[in-house]
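Written out below as structure tokens is the structure these notes cover.
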Amino acid sequence: MLTKTDYKNYLECPMWLWLSKYRPELLPEETSDLQRRFAMGNEVDALAKKLFPEGIEIQGYNKEGWANTQKAILSGSKILFQPTVIEGDLSCRADILVKNKDDSWDINEVKMATSAKKEYVFDVGFQKICFERAGIKIRKTNIIHINNKYIRHGDIEPEKLFATDDITRETDKHLPETEEGIKEALKVIKIKEEPSLELINGCNNSKRCEYLECYCNGIKNIQSLVKDIQPKHILALLNREILDSKKIKQNILDAAGYVLPEKFTKIDVDAIKKEFKKLKYPLHFFDYETYGSAIPPFNGMRPYQQMPFQYSLMVKDSPDSVVRHFEFLARTFENPIHSLLAQLKKEIGPEGSVIVWYAKFESGRNKEMADMEPDFADFLEDVNDRIFDLLLIFKHKNQMYIKSEFNKLASLKIVLPVLCPELSYKNLAIQGGGDASSSWPVLTSDKTPAKEKEQLAKNMLAYCKRDTEAMVGIMDKVLRDIK
DNA sequence: ATGATACCATAGGCTTCGGA
DNA sequence: TCCGAAGCCTATGGTATCAT
């Protein structure tokens with residue numbers, strides 16, 4: 001049986017589909033970030049249903065769902081939520097099915113994205129094929145997506161939060177391709193033995209594909225796979241922890257004809273000194289954690305707007321002084337920016353540089369908050385004028401501070417372990433901004449036990465503090481290197 | 001999932017120039 | 001005078017990099 005999810009997995013990476021059917025235990029665990037995204041998707045689905053007050057919910061999955069769907073259609077229901085269809089090898093659920101004046105139906109697929117992306121034609125095409133094979137005629141296929149111009153005032157208004165795009169033409173145009181893809185996907189799920197190289201190289205994932213890595217955890221003879229593999233997958237193999245033997249790594253590299261670049265460090269002392277001349281003490285090392293959702297949680301916010309709920313601030317008054325640390329963390333699920341700004345205004349001095357990693361992010365949040373809290377607009381503008389972006393020292397094209405280990409990248413999570421391995425995130429419960437973000441609603445929920453909240457708060461504070469410690473450590477290291 | 005920005009490949013429109 | 005090749009500029013679409 002091939003479900004719509006199976007088909008989408010296949011389109012991204014055939015190996016993913018195969019693993020999900022035969023070796024699901026090898027798939028990566030759901031991260032809290034992913035869980036939050038699923039939860040958000042469910043909320044979006046629920047809100048979209050409010051666009052159709054007449055709709056009825058179809059209960060059950062698979063055969064039961066299909067039986068209930070048929071029952072609802074026969075009894076004359078005109079709007080169905082979550083109808084299921086099973087036909088031959090295929091199984092799928094639609095979001096919202098709406099009957100027309102004749103005997104045809106329109107498919108409405110709810111997406112949390114802010115536009116009708118072109119890859120949705122395969123998703124919706126799969127649904128159309130399923131329903132039509134089962135004798136349910138489909139006229140239009142629509143995408144109901146988030147309208148990111150919407151600004152919340154009071155209760156969420158679904159008819160303003162959502163926009164609908166008719167993608168029938170595009171869907172139909174790609175229908176033959178969709179049919180072909182379904183045939184291929186069905187072939188994949190019939191492979192009983194270990195998949196061949198062909199399957200791995202069918203991967204369409206533009207980024208590093210984690211599913212090959214997962215697969216490698218489950219087989220012994222990795223070296224036999226190496227010939228003719230895509231370069232992105234070679235790197236994936238090299239990152240596997242099970243490849244701790246240098247000899248195996250070298251074999252893989254040799255087989256692929258891949259030469260690791262030689263290690264090097266390049267420091268343009270003059271250029272960095274010139275940049276650092278712009279700095280004024282006291283130095284304020286600063287970092288926000290933010291929360292954003294497809295459904296804006298508070299008034300004045302638009303979908304996906306990132307709202308700061310936490311910061312860490314480390315102040316260094318002079319080159320040799322000890323840092324003073326300040327922090328803020330909102331403990332209730334209310335718009336936190338007023339209290340955040342009130343505290344920040346007291347803690348951040350009127351003089352001195354504000355050092356951040358990737359200035360666009362922090363300055364962008366400051367601009368948004370200035371619009372929402374006009375009383376703080378001058379203050380925020382002043383802070384933005386004093387921002388210094390530490391990332392630009394490491395930006396590859398700037399050629400100021402380059403190490404081969406950076407691989408031409410310059411995120412904090414890449415630079416830090418090379419320059420200050422002692423400040424690793426490894427021992428922290430929260431390891432990235434995404435986790436911090438998804439922790440905030442948990443921290444502020446009535447349903448979370450007090451004890452758990454305390455632990456969570458500690459973890460969140462430790463993470464955000466570490467981001468600023470990292471900048472302090474990196475700054476010290478660079479200052480030593482250019483002395 | 002967003003968004004700003006950077007970068008790259010490609011397409012199209014336009015001019016220029018040499019050969020016939 | 002005409003035509004196509006070559007060169008150049010701009011627009012566009014796609015992908016990647018940062019942050020959460």
Side-chain angles (χ1 to χ4, degrees), chain A residues 12 31-45 47 110-120 143-151 161-163 204-209 231-232 235 286-297 301-312 329-330 336-337 340 355-369 384 387 389-399 406-416 425 430-443 460 463-464 466-468 470-471:
Chain A
E12 197 173 313
T31 60
S32 66
D33 201 35
L34 200 64
Q35 283 169 6
R36 189 186 143 230
R37 224 173 285 176
F38 283 138
M40 209 155 87
N42 290 337
E43 277 181 65
V44 169
D45 279 352
L47 266 176
V110 180
K111 294 288 184 196
M112 39 190 306
T114 55
S115 65
K117 301 188 176 181
K118 43 177 209 166
E119 62 262 32
Y120 295 163
I143 297 293
I144 297 176
H145 61 83
I146 297 285
N147 161 28
N148 65 355
K149 300 282 184 289
Y150 170 70
I151 296 174
L161 173 66
F162 291 105
N204 287 314
N205 202 326
S206 61
K207 297 188 197 104
R208 199 189 77 191
C209 179
K232 69 180 177 190
L235 295 172
F286 187 62
D287 184 51
Y288 283 133
E289 304 306 325
T290 66
Y291 175 80
S293 167
I295 303 158
M301 287 181 69
R302 49 173 186 73
Y304 294 109
Q305 183 178 333
Q306 295 293 318
M307 180 205 56
F309 62 81
Q310 180 180 10
Y311 67 74
S312 170
L329 174 60
I337 68 173
L340 180 144
I355 300 176
V356 299
W357 199 275
Y358 193 61
K360 269 185 198 67
F361 189 78
E362 266 69 20
S363 67
R365 303 298 75 78
N366 286 344
K367 274 182 204 143
E368 286 166 2
M369 286 194 289
N384 274 357
I387 281 184
D389 193 346
L390 197 50
L391 179 145
L392 70 87
I393 302 293
F394 302 95
K395 207 167 177 147
H396 184 259
K397 69 160 195 175
N398 289 345
Q399 293 287 310
F406 297 163
N407 273 322
K408 301 187 180 176
L409 302 172
S411 71
L412 186 58
K413 305 300 182 267
I414 284 175
V415 173
L416 183 71
Y425 290 82
I430 290 173
Q431 304 218 342
D435 290 344
S437 184
S438 46
S439 296
W440 190 62
V442 182
L443 176 80
M460 292 168 77
Y463 168 73
C464 192
R466 178 57 56 88
D467 269 345
T468 49
M471 287 190 278

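This structure is a prediction, so every number in the text was calculated from the model and none was measured. A note on names: the letters A, B, ... follow the listed sequences, proteins ahead of strands, and every chain is numbered from 1.
At whole-Å resolution of the value, OH in A:Tyr311 and P in C:dT20 are 17 Å apart. Atom CD in A:Glu119 sits about 8 Å away from atom P in B:dA1, given to the nearest Å. Following rounding to the nearest Å, A:Lys111 (NZ) and B:dA1 (P) show an atom-to-atom distance of 9 Å. Taking atom CE on A:Met307 and atom P on B:dA1, their separation rounds to 21 Å, with Å as the unit. Nucleotide B:dA1 holds its C1' atom 12 Å from the CD1 atom of A:Ile295, rounded to whole Å. The nearest whole Å value for the distance from the CE atom in A:Met301 to the P atom in B:dG3 is 13 Å. In this structure, A:Lys408 places its NZ atom 11 Å from P of C:dT17, rounding to the nearest Å. Remark: C1' of B:dA4 and CG of A:Leu391 are 14 Å apart, rounded to the nearest angstrom.
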Restricting to nitrogen or oxygen on both sides, can you table the protein-nucleotides 11-14 of chain C pairs closer than 3.5 Å?
unit_1 : atom_1 : unit_2   : atom_2 : d
C:dG14 : OP1    : A:Lys118 : NZ     : 2.9

Output a table of nitrogen or oxygen pairs between the protein and nucleotides 5-9 of chain B separated by less than 3.5 Å.
none

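In this structure, A:Ser293 reaches neither bases nor backbone, as no heavy-atom distance under 4.0 Å exists between it and the strands shown. Using a 4.0 Å heavy-atom distance criterion, A:Lys117 is classed as a sugar-phosphate-only contact. Here A:Ala113 lies in heavy-atom contact (under 4.0 Å) with sugar-phosphate atoms only. Using a 4.0 Å heavy-atom criterion, one finds that A:Ala410 contacts the sugar-phosphate atoms exclusively. Within the 4.0 angstrom heavy-atom criterion, only backbone atoms of the sugar-phosphate kind lie near A:Tyr288; the bases stay farther away. At a threshold of 4.0 angstrom between heavy atoms, the contacts of A:Asp435 with the nucleic acid are absent. In this structure, A:Asp389 reaches neither bases nor backbone, as no heavy-atom distance under 4.0 Å exists between it and the strands shown. If you check every strand for non-hydrogen atoms under 4.0 Å, A:Ile146 touches nothing.
The shortest side-chain heavy-atom distance between A:Met471 and A:Trp357 falls under the 4.5 Å cut-off. Contact check for A:Leu340 versus A:Tyr288: side-chain heavy atoms found under the 4.5 Å cut-off. Using a 4.5 Å heavy-atom threshold, the side chains of A:Phe406 and A:His396 count as separate. In this structure, the side chains of A:Tyr463 and A:Ser439 stay at 4.5 Å or more apart for every pair of heavy atoms.
Partner A:Ile355 forms a side-chain contact (heavy atoms from CB on, under 4.5 Å) with one of A:Thr468, A:Leu390, A:Asp389 and no other, that one being A:Leu390. With A:Thr290 as the fixed residue, the side chain to side chain donor-acceptor pair (under 3.5 Å) test singles out one of A:Arg365, A:Gln306, A:Glu368: A:Gln306.
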field: Trace of the side-chain contact (heavy atoms from CB on, under 4.5 Å) decision for A:Ile146 with A:Leu161
entry: CA-CA 6 Å; A:Ile146 297 285; A:Leu161 173 66; 4.2 Å; yes
message: Show, in sequence, the C-alpha distance, side-chain angles and deciding distance for A:Asp467 and A:Tyr311, and conclude whether the side chain to side chain donor-acceptor pair (under 3.5 Å) test is met.
response: CA-CA 10 Å; A:Asp467 269 345; A:Tyr311 67 74; over 6 Å; no
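Not less than 6.0 angstrom separates the ring centroid of A:Tyr150 from the ring centroid of A:Phe162.
With values rounded to the nearest 0.5 angstrom, A:Leu47 atom CG is found 4.5 Å from A:Ile295 atom CD1.
Taking only side-chain nitrogens and oxygens, A:Trp357 never comes nearer than 4.0 Å to OP1 or OP2 of C:dC18. OP1 or OP2 of B:dG3 has at least one side-chain nitrogen or oxygen of A:Asn148 nearer than 4.0 Å.
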